[in-house]
Novice: 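Have a look at the structure that comes next, please.
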Amino acid sequence: MIEIALKALIALLPVLVLVVVLFRLDSHRLLGTHFMLRIFLAGCLSAIACYWINAFVLESFAVDFSRYSRLVAPLIEESVKASILIYLFRTNRIGFLIDAGILGFTVGAGFSFVENIYYLNMASDAHYGVWMVRGFGTAIMHGGATALFAIVSETMTQRHLKMNPLLYIPGLIVAFLLHAIFNHFPVSPVLSTVVTLLILPTILFLLFERDETTIHNFLELDFAMHKRLLRQIEHGEFTGCEAGRFLKDMQEKLSAPVANEMVEYFRLHTELVLSAESILLGREQGIEVEIGDEIQQRLRKMHELEKHIGHAGLRTLRPHLKFTAKDMWEIHLLEDEVSSHHA
C-alpha cells in the first residue's frame, strides 16, 4: 500500500506543484482559484474524452499501435485539449501570455493527472523509474504542449475580436510536434524526461517574466486612456473618438430612450474596465483594492442593459464602440472578482 502511494505521488505530484508555482508567479493574480479548478477539471474530462476517441479509432481502423501512439494520438489529444483553450479565447477569458500559459498548462495538468491515474490502476507493479518518467516527463510534456499552444494562439489572436480558426493552427502544430517528438525520442526515456523538465518550465518562466513588463505598460496606458474617455463621457464631449461619433449619430437617428441606453451602456462599460485596471495596478504595488457593492451594482445594470438591447443589437453596437478583446477580458475578470468576494 505504501509502495503504491509513493508511486502515485511521483506520478501525480510534480505537475500539480508546477501549476501552483506558475499560478504564484503571476503578481497581478489574473486568475482566480475557483476558475483554475474548473479549468483543471476540464483538462481531466479531456483525458476521458481522448480515451474513448482513441479506443474508437483503434478499433475502427487497422492502425499499427506504435505508429498510432507516435503520430495519431498526439494529434487527437492536443486537438481536444486545445478546444478548451479555444473556447476560453472566444469567450474573452484570456488576456495576456501569462494567463494563457497558466491556463494551457493547467488543462494539460488535468489531462496528465487522469492519464497517470489510469496507468497506475493498470500497471501499479511497474518500476519506480516508469513513474518518474510519467510524473516528471510525460505529465510536464502534456502541460507544456498545451501551454505553448495557448501562448502561440494568444500571440496570433490578441488583435482579433472575430474568430478565425486558421489563427489557432500554428499553436496546434507546435503542440503536436512537441508531443510527437517526445513520443519519438530516439534515446532513453529518462533523458527525454530530463530535457522536458529543464526546457519547458524554463521557456514558461522566461515568457512570464517578459510579459510582466508588457502587462504593466498596457495597464498604465489603458488606464490613462479610459480615465480620459470617462471624463469626456461625463461631460458629453466624447465626439472626438469613433465611438463618440457613432453614439452621437445614434442620438440623432433613434428615439431618446434607446440612444440614452446606448450611451449609458458605453459609460458603464468604461467605468467597469477602469475599475478592473485599478485593481490590477494596485496588486502590482502590493495594494488590495476593495471590491465594493457599487461595482456589483454597475455590473448588474450593464447586464440589464445588455438584455434590453438584445444579442443582435450588441453584435451591431460593440464593434462601433471599439471594445477590444482586452476590455471584454477585464469585464470577465471583474465578474470573477465579485463572485469570489461574495463567496
Side-chain angles (χ1 to χ4, degrees), residues 4 7-8 10-16 18-19 38-89 103-127 129-150 152-153 165 168-186 188-189 192-193 195-196 200:
I4 294 176
K7 290 177 178 179
I10 294 170
L12 303 176
L13 194 59
V15 73
L16 298 180
L18 192 49
V19 168
R38 293 198 298 271
I39 298 306
F40 179 82
L41 291 175
C44 293
L45 291 174
S46 72
I48 297 171
C50 285
Y51 171 82
W52 291 108
I53 294 171
N54 286 328
F56 172 78
V57 175
L58 281 169
E59 288 178 6
S60 302
F61 302 94
V63 184
D64 176 68
F65 181 78
S66 177
R67 184 175 298 177
Y68 181 89
S69 64
R70 292 179 178 180
L71 292 174
V72 182
L75 181 59
I76 291 173
E77 292 170 4
E78 295 308 325
S79 297
V80 172
K81 289 188 290 178
S83 66
I84 299 171
L85 276 302
I86 291 173
Y87 170 78
L88 296 177
F89 278 119
L103 290 171
F105 195 90
T106 304
V107 169
F111 183 99
S112 67
F113 188 81
V114 170
E115 186 180 64
N116 279 349
I117 287 176
Y118 171 78
Y119 281 113
L120 280 165
N121 183 58
M122 297 297 293
S124 59
D125 57 343
H127 190 267
V130 172
W131 306 116
M132 290 286 289
V133 170
R134 292 212 60 85
F136 289 91
T138 308
I140 304 299
M141 179 276 296
H142 272 297
T146 316
L148 290 179
F149 165 80
V152 173
S153 297
Y168 298 106
I169 292 177
L172 185 59
I173 291 173
V174 171
F176 164 73
L177 288 176
L178 175 62
H179 194 155
I181 290 171
F182 183 89
N183 288 1
H184 274 86
F185 214 88
S188 73
S192 68
T193 298
V195 171
T196 301
L200 285 179

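The structure presented is a predicted model; accordingly, all values stated were derived computationally and were not measured.
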Novice: Picking from Leu16, Val19, Leu18, what satisfies side-chain contact (heavy atoms from CB on, under 4.5 Å) with Thr106?
Specialist: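 Exactly one candidate clears the test, Val19.
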
Novice: State which residues pass side chain to side chain contact (heavy atoms under 4.5 Å, CB included) with Ile4; sequence neighbours excluded, sorted by chain then number.
Specialist: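 Checked Ile4 against side chain to side chain contact (heavy atoms under 4.5 Å, CB included); zero matches.
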
Novice: Side chains of Tyr168 and Leu85: closer than 4.5 Å at any heavy-atom pair?
Specialist: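 Heavy-atom side-chain distance check fails, nothing below 4.5 Å.
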
Novice: Just by modelled atom types, is the Ala126 backbone N or O under 3.5 Å from a matching donor or acceptor in the Lys7 side chain?
Specialist: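 Indeed, once roles are kept as given, a pair shorter than 3.5 Å links the two residues.
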
Novice: Side-chain contact, heavy-atom cut-off 4.5 Å: Val130 with Tyr119?
Specialist: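 Not touching, per the 4.5 Å side-chain cut-off.
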
Novice: Give me the atom names and distance for the closest heavy-atom approach of Ser153 to Gly171.
Specialist: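 Closest approach of Ser153 to Gly171: OG-CA, 4.4 Å.
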
Novice: Mind listing the closest non-hydrogen atom pair of Gly135 and Ile140 along with its distance?
Specialist: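 Reported closest heavy-atom pair: O-CG1, 4.1 Å.
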
Novice: Nearest 0.5 Å, what's the CG-CE distance between Leu178 and Met141?
Specialist: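 The CE atom of Met141 is 7.0 Å from CG of Leu178, to the nearest 0.5 Å.
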
Novice: Looking only at heavy atoms, which two atoms of Asn116 and Trp131 are closest? And how far apart?
Specialist: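 Closest heavy-atom pair between Asn116 and Trp131: O-CZ3, 4.5 Å.
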
Novice: Output all residues satisfying ring pair (Phe, Tyr, Trp, His ring centres under 6.0 Å) with Phe111, sequence neighbours left out; order by chain, then residue number.
Specialist: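 Residues passing ring pair (Phe, Tyr, Trp, His ring centres under 6.0 Å) with Phe111: His142.
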
Novice: With the side chain counted from C-beta on, respond yes when Leu177 and Ile173 share a heavy-atom pair under 4.5 Å apart, and no when they do not.
Specialist: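 Leu177 reaches Ile173 side chain to side chain.
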
Novice: Determine the minimum heavy-atom distance between Tyr68 and Ile53, stating which atoms define it.
Specialist: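 Heavy atoms of Tyr68 and Ile53 come nearest at OH-O, 4.5 Å.
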
Novice: Please list every donor-acceptor pair under 3.5 Å in which a side-chain atom of residues 69-77 meets a protein atom from a residue at least two apart or in another chain.
Specialist:
residue: Ser69; atom: OG; partner: Phe65; partner atom: O; Å: 3.3
residue: Ser69; atom: OG; partner: Ser66; partner atom: O; Å: 2.9
residue: Glu77; atom: OE2; partner: Asn54; partner atom: ND2; Å: 3.3

Novice: Taking salt bridge (Lys or Arg N to Asp or Glu O under 4.0 Å) as the cut-off, I'd like each qualifying pair that reaches into residues 41-64, sequence neighbours left out, listed once.
Specialist: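 Of all non-adjacent pairs touching residues 41-64, none passes salt bridge (Lys or Arg N to Asp or Glu O under 4.0 Å).
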
Novice: Are Leu88 and Ile39 close enough that some pair of their side-chain heavy atoms sits under 4.5 Å apart?
Specialist: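 A side-chain contact exists here, since the closest heavy-atom pair is under 4.5 Å.
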
Novice: Are Val114 and Tyr51 close enough, and set up right, to give a side chain to side chain contact (heavy atoms under 4.5 Å, CB included), and what steps lead you there?
Specialist: CA-CA 10 Å; Val114 170; Tyr51 171 82; over 6 Å; no

Novice: If you compare all heavy atoms of Leu120 against all heavy atoms of Ala11, which two are closest, and at what distance to 0.1 Å?
Specialist: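 The pair with the smallest heavy-atom distance is CD1-CB, 4.3 Å.
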
Novice: Go through the structure and list residues passing side chain to side chain contact (heavy atoms under 4.5 Å, CB included) with Ile84, not counting sequence neighbours.
Specialist: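 Side chain to side chain contact (heavy atoms under 4.5 Å, CB included) list for Ile84, sorted by chain: Ala42, Ser46, Val107.
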
Novice: Testing the basics here: between Thr146 and Glu78, what is the closest heavy-atom pair and its distance to 0.1 Å?
Specialist: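 For Thr146 versus Glu78, the nearest heavy atoms are OG1-OE1, 3.8 Å.
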
Novice: If we ignore hydrogens and angles and just use 3.5 Å, is the side chain of Ser112 paired with the main-chain N or O of Ala109 as donor and acceptor?
Specialist: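 Here the side-chain-to-backbone pair exists.
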
Novice: Can you tell me how far the CG atom of Asn183 sits from the CZ atom of Arg67, to the nearest 0.5 Å?
Specialist: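 Taking CG in Asn183 and CZ in Arg67, the distance rounds to 14.5 Å.
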
Novice: Applying salt bridge (Lys or Arg N to Asp or Glu O under 4.0 Å), which residue pairs with at least one partner in residues 114-124 are found, sequence neighbours left out?
Specialist: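 Only Glu115-Arg134 qualify under salt bridge (Lys or Arg N to Asp or Glu O under 4.0 Å).
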
Novice: In terms of ring plane angle, is the pair Phe149 and Phe89 parallel, tilted or perpendicular, where the classes change at 30° and 60°?
Specialist: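 The rings of Phe149 and Phe89 stand perpendicular, inter-plane angle above 60°.
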
